[in-house]
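All residue numbers refer to positions in the sequence shown, counting from 1.
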Amino acid sequence: MADIVTAREHDSNGGAAALEPLRRVGWLLDWFGALIARHWQNVLTALVQIWANKARAILTTLGIIIAVTSTITVVSFVQGFGNYVTDMLRGFGTNMMFVFPWSGDDHGFMIGRITMDIDDVRAVGARCDKVRRISPLVFSATTIEYGREKIEGAEVQGATEQFQPIRKYFVDKGRFFGPMEVETGAYVCVLGRNVQGLLGANDQIVGDYVYINATRFRVLGILEEKGNMMGENQDDLVLIPYTTQLKLSPMSQYFMPFIVEATSEQDIEECSLQISRVLRECHGLQPGAPNDFRILRQDEFLRDFERVKVIATSVLAGIVGISLIVGGIGVMNIMLVSVTERTREIGLRKSVGGRRRDILFQFLTEAVVLSTVGGTIGIALGYAICKIASQHPSMVDVPVPAWAVALGLSFSAGTGVLFGIIPAFKAAILHPIDALRHE
């Protein structure tokens with residue numbers, strides 16, 4: 001019988017020990033619920049105070065509203081333009097490379113000493129298995145005539161038929177020149193939309209003739225409109241076979257950069273190494289000698305541009321965000337005035353058992369709510385500005401990033417905490433008798 005009683009006592013003690021963690025969790029949840037309820041009460045009190053003094057609250061948060069609106073707008077515009085340029089660059093292909101003669105110093109090209117010709121281009125195309133497409137480029141500025149219209153200094157580029165898929169320069173009307181026309185050096189051309197407009201021609205110019213440096217060329221097609229990129233009009237060009245261009249400017253055969261498309265974005269590193277190895281062998285460069293050429297990779301340019309975009313966004317947002325300090329000073333001033341106006345209220349709360357931390361949290365919560373309301377208005381205004389700006393036909397899409405909204409709210413709430421702590425602390429340390437005697 002004694003053993004049974006002992007067993008029951010043991011089971012009872014074991015059950016109580018097993019329930020102890022649950023009791024602690026329940027106590028913790030009750031405490032957390034009471035804490036939330038108390039702070040929600042402070043939030044509601046703060047909203048009542050703001051509503052009772054609407055004009056003063058708006059004027060107080062005006063600095064925060066302007067700061068958050070400016071931050072949202074600046075960040076969104078930088079991101080919008082950055083995304084536009086990034087998408088445009090990606091449209092050219094992230095596996096594209098541009099190879100040209102280079103002197104190895106800061107003086108740029110040195111044609112008299114460093115050369116690159118069609119044999120280099122053919123060697124790279126034949127010996128690099130990571131090269132999908134390749135096209136030489138021959139540049140010149142020439143005069144184009146059509147009827148009574150004349151364009152001085154127009155950009156003419158000589159290339160092969162591979163230029164079209166590499167650079168994504170597809171024709172809108174007519175066709176691009178083919179390999180046979182490149183092989184024979186035919187006098188044919190493809191016009192950019194801007195050149196077509198400057199010549200005063202419509203789409204009927206396809207099949208007609210223009211004069212390039214007084215030589216008659218048949219117009220095969222008109223390129224799709226590409227628009228501006230970094231201040232350069234991509235439609236302001238004329239494309240002809242590179243063999244034909246060499247007839248017009250024979251000295252260009254010694255300075256012939258080329259563009260390359262790698263087999264895939266993953267192979268671009270290997271493709272770049274293969275091109276370097278082949279060109280060094282063709283140019284007879286000894287081990288350790290610097291390259292007399294340079295390879296510009298589209299993926300590297302994209303990475304550099306993304307890095308610049310992040311830096312620009314951070315710097316501009318930081319500069320604009322400094323105005324939050326002005327808004328925070330306004331919040332601190334108005335909270336100090338509020339403490340002075342409600343001194344008797346603070347005394348009454350302390351006389352009936354209000355603790356210092358309760359007073360502290362009440363006024364700190366009011367400062368945070370006041371700043372957050374200003375930040376919310378600023379976010380709404382910034383979003384409206386970006387939305388209206390995006391409707392303009394000449395403007396790129398300006399989306400508001402979610403992180404920018406979170407940043408605006410965090411900054412405004414943080415400003416409330418930073419500049420509200422002094423008034424809240426001043427209210428918390430008031431002596432109840434002195435507060436009740438305050439007139």
Side-chain angles (χ1 to χ4, degrees), residues 88-89 91-93 96 98 100 118 121 133-253 255-261 393-394:
M88 184 180 296
L89 292 174
F92 294 150
M96 187 187 75
F98 182 51
F100 53 90
I118 191 61
V121 179
R133 299 183 180 97
I134 186 170
S135 172
L137 295 175
V138 184
F139 301 92
S140 67
T142 58
T143 301
I144 302 178
E145 298 177 76
Y146 177 69
R148 295 184 178 180
E149 301 294 334
K150 178 188 290 188
I151 304 175
E152 299 285 353
E155 180 184 348
V156 177
Q157 294 184 21
T160 69
E161 74 283 353
Q162 298 294 328
F163 179 92
Q164 184 181 23
I166 295 175
R167 290 295 309 274
K168 308 296 188 295
Y169 270 84
F170 300 106
V171 292
D172 192 19
K173 297 291 182 180
R175 66 176 180 87
F176 208 81
F177 48 80
M180 186 62 67
E181 288 153 327
V182 174
E183 185 69 25
T184 59
Y187 290 91
V188 294
C189 66
V190 180
L191 304 180
R193 279 292 183 184
N194 190 55
V195 173
Q196 176 201 3
L198 293 175
L199 292 175
N202 54 26
D203 291 349
Q204 299 302 319
I205 196 175
V206 176
D208 205 347
Y209 293 88
V210 297
Y211 286 86
I212 301 177
N213 272 4
T215 303
R216 195 172 75 154
F217 281 73
R218 183 167 178 261
V219 179
L220 295 180
I222 301 172
L223 296 170
E224 293 178 346
E225 187 172 358
K226 303 287 285 187
N228 291 322
M229 178 181 174
M230 298 182 180
E232 181 180 354
N233 193 335
Q234 300 179 82
D235 302 311
D236 192 14
L237 85 162
V238 178
L239 293 173
I240 65 175
Y242 85 94
T243 48
T244 309
Q245 179 73 296
L246 290 178
K247 295 178 185 178
L248 300 179
S249 53
M251 292 303 296
S252 298
Q253 62 182 311
F255 178 71
M256 191 177 294
F258 57 93
I259 52 174
V260 173
E261 181 185 10
S394 301

Show me the donor-acceptor pairs, under 3.5 Å and distance only, between side chains in residues 156-165 and residues at least two apart or in other chains.
unit_1 : atom_1 : unit_2 : atom_2 : d
Gln157 : NE2    : Glu155 : OE2    : 2.6
Thr160 : OG1    : Ser135 : OG     : 3.2
Thr160 : OG1    : Gln162 : N      : 3.2

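Across all non-hydrogen atoms, the minimal contact from Asn202 to Ile222 is O-CD1, 4.4 Å. Closest approach of Lys247 to Thr184, counting heavy atoms only: NZ-O, 3.7 Å. For the pair Phe177 and Val188, the tightest heavy-atom approach, listed with the atom from each and the gap, is CB-CG2, 4.0 Å.
Between Leu223 and Asp235 there is no side-chain heavy-atom pair separated by less than 4.5 Å. The shortest side-chain heavy-atom distance between Asp236 and Val195 falls under the 4.5 Å cut-off. Side-chain contact check for Ile144 versus Phe217: every heavy-atom pair is 4.5 Å or farther apart. When side chains are defined from C-beta on, Arg193 counts as touching Asp172, because their heavy atoms get closer than 4.5 Å. The closest side-chain heavy-atom distance from Tyr187 to Ile212 is not below 4.5 Å. Contact of the Gln253 side chain with the Ile118 side chain is not registered, since no non-hydrogen atoms from C-beta on lie closer than 4.5 Å. When side chains are defined from C-beta on, Asp208 counts as touching Tyr146, because their heavy atoms get closer than 4.5 Å. Within the 4.5 Å cutoff, side-chain heavy atoms of Val210 are placed close to those of Cys189.
In this structure, the side chain of Thr143 does not engage the main chain of Glu152 through any donor-acceptor pair within 3.5 Å. Proximity of a side-chain donor or acceptor of Lys173 to a complementary backbone N or O of Ile205 within less than 3.5 Å is not detected.
Here the NZ-CG distance, from Lys150 to Leu199, works out to 12.0 Å after rounding to the nearest 0.5 Å. Between the CG atom in Leu237 and the CG atom in Asn194 there is a gap of 9.5 Å [rounded to 0.5 Å]. Expressed to the nearest 0.5 Å, how far OG1 of Thr142 lies from CG of Asn213 amounts to 5.0 Å. Atom-to-atom distance recorded for Ile240:CD1 and Leu246:CG is 9.0 Å, nearest 0.5 angstrom. Atom OH of residue Tyr242 and atom CZ of residue Phe258 lie 12.5 Å apart, to the nearest 0.5 angstrom. Distance check: Leu198 CG to Glu149 CD gives 9.0 Å after rounding to the nearest 0.5 Å.
The number of heavy-atom neighbours closer than 6.0 Å to CZ of Phe139, taken from other residues, nucleotides and ligands shown, is above 12. Environment of CD in Glu224: crowded, with over 12 heavy atoms of neighbouring residues, nucleotides or ligands closer than 6.0 Å.
A salt bridge links Arg175 to Glu181: one of the charged nitrogens lies within less than 4.0 Å of a carboxylate oxygen.
There is a side-chain donor-acceptor pair under 3.5 Å between Asp203 and Gln196.
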What verdict does the side-chain contact (heavy atoms from CB on, under 4.5 Å) test give for Phe100 and Leu137, after you've listed the backbone C-alpha separation in whole Å, the side-chain angles of each residue and the deciding distance to 0.1 Å? CA-CA 10 Å; Phe100 53 90; Leu137 295 175; over 6 Å; no
